Amino acid sequence: MSAVKRITKELAEFSNNPVPGVSAGLASEGDVFKWNVILTGPQGSPYSGGVFTLNLTLPTEYPFKPPTLNFTTKIYHPNVSNDDKGSMCLGILRSESWKPSCKISQVLEMAAGLLKEPNVDDAVETSIADEFKNSPDSFEKTAREWTRKYAK
Amino acid sequence: MPPSIIEMSAEELKQAGNKFFQNGDWLSADKKYSQAIAIDSTNYTLFTNRALVRMKLLRYDDVIDDCTSAINLNRDAMKGYYMAAQALIQLSRPSEALGYAHTAYQLAVAQNSKSATDVANVVLEAKKQRWRKQERNRIDRDNSMLKQMKELVKRDSERKILDLREQQWDSPSGERDLESEIAVIREDARVQMDELENVFARADPQRYKPREVPDYLMDSISFSIMTDPVVTKNGHSYDRPVIMDHLRRSNTDPLTREPLSVSDLRPNLALKQVCAEFLEENAGWAVDY
């Protein structure tokens, strides 16, 4: 019950004060625990020109437990699991490092920031992270290709 | 009465009542608890259990009776105070409810009860109801004063019109346009009454005050106004039931994730006072803000 109150407030706050490059709203009216999120690929990144959709799911124990973020658009990124789940692995979203005072808008800001600059030290796809570090040209090429193929 | 029932002990009757309760059969549960109480009237949980059933049956006066019995048997019967407060709210007796709710809250915190959040919400609910009652009284009072003053304006204008007609009667003169003079008097009265309404509206502080709870009174986890703020080692304040909920899951500071336990929390008395004063004036809308 208290979760609904907080989420409703966060939604209102987000609508009044949106994060640049991010649009978000409820997936369906009346269920505040599921949000649709759209990230636009930042300029200068291999995701530029792409539009990425994600599902944000809030647990019933929110904000004591962290939300989860899943890409429904395929993306070539060290911090997004390369499977049908497309889980975004952000440090702050792990239950052992989650802080209940962290807001959804901060989570989305972090997600948008990761498109600009992947975090290779906290990677879920270690091979993509290695590629990003050691042969950035080849990483960029694949990331750009995937953006064109899946995110347009 | 079949012999089997006579042989049942109070504890067995209580268990039978609990079973009926779980199945949503309030009436049968109420009967079993009553039979149990007839055998053993010293067990306070029989009274709190029956109070809960009677809450479901909307028998609020009986809920209060059972809660009082439970409290008399056990001064620490948190549920007794808690349900009495809920029943009193249902009966629109917020000031009495508040007394019980405060005690229930103190006991819930002392017993580290998971219900602390719910009990805190009943405290707020009682405050909200009390505020609304006071607000309604105030509006009624203001309205009756406004009505009286408008009545005076009306009577004054009627008297003037009457004088005018009498003058006309005593010394008739065709020159004067009586009807238009009367119209002017009536128009003046109407303007005066509008002005009165405006003055009263401006005097109503609720209309002109922005309805916002300042951030420093809000808990940064629940996003609700605090009622019992406690401060952590790093100086951040949280509402006690909320941070206790968090600490039950993780012994960390909600902001820094440094180790934190209930015994590290200290009441923030000054902030508590500010929250209480704010609620005193704004509970009607601030509780749900």
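Note that these values count all heavy atoms, side chains included, but never hydrogens, waters or copies made by symmetry. To find a chain, count down the sequence lines: A is the first, B the second, and so on, and within it residues start at 1. Bear in mind that the values here come from a model prediction, so they are computed numbers and not experimental data.
- In this structure, the portions of A:P100 lying under 4.5 Å from any heavy atom of chain B include both its backbone and its side chain.
- A search for salt bridge (Lys or Arg N to Asp or Glu O under 4.0 Å) contacts involving A:D122 returns A:R94, not counting sequence neighbours.
- Ring geometry, A:F139 versus A:Y47: the interplanar angle exceeds 60°, so the pair is classed perpendicular (tilted spans 30 to 60°).
- There is no contact between B:T252 and chain A, counting heavy-atom distances below 4.5 Å.
- Both the backbone and the side chain of B:S220 come within less than 4.5 Å of a heavy atom in chain A.
- Electrostatic pairing of A:R6 and A:E10 counts as a salt bridge here, judged by a charged N lying under 4.0 Å from a carboxylate O.
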May I have the list of side-chain donor-acceptor pairs in residues 263-273 of chain B shorter than 3.5 Å, sequence neighbours left out?
from: B:S263; atom 1: OG; to: B:S261; atom 2: OG; distance (Å): 3.2
from: B:D264; atom 1: OD2; to: B:S261; atom 2: N; distance (Å): 2.9
from: B:D264; atom 1: OD2; to: B:S261; atom 2: OG; distance (Å): 3.4
from: B:R266; atom 1: NH1; to: B:S263; atom 2: O; distance (Å): 2.9
from: B:N268; atom 1: OD1; to: B:L271; atom 2: N; distance (Å): 3.3
from: B:N268; atom 1: ND2; to: B:S237; atom 2: OG; distance (Å): 2.8
from: B:Q273; atom 1: NE2; to: B:E277; atom 2: OE2; distance (Å): 2.9

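- Residue contact with chain A, scored on non-hydrogen atoms closer than 4.5 Å, involves the backbone of B:D288 exclusively.
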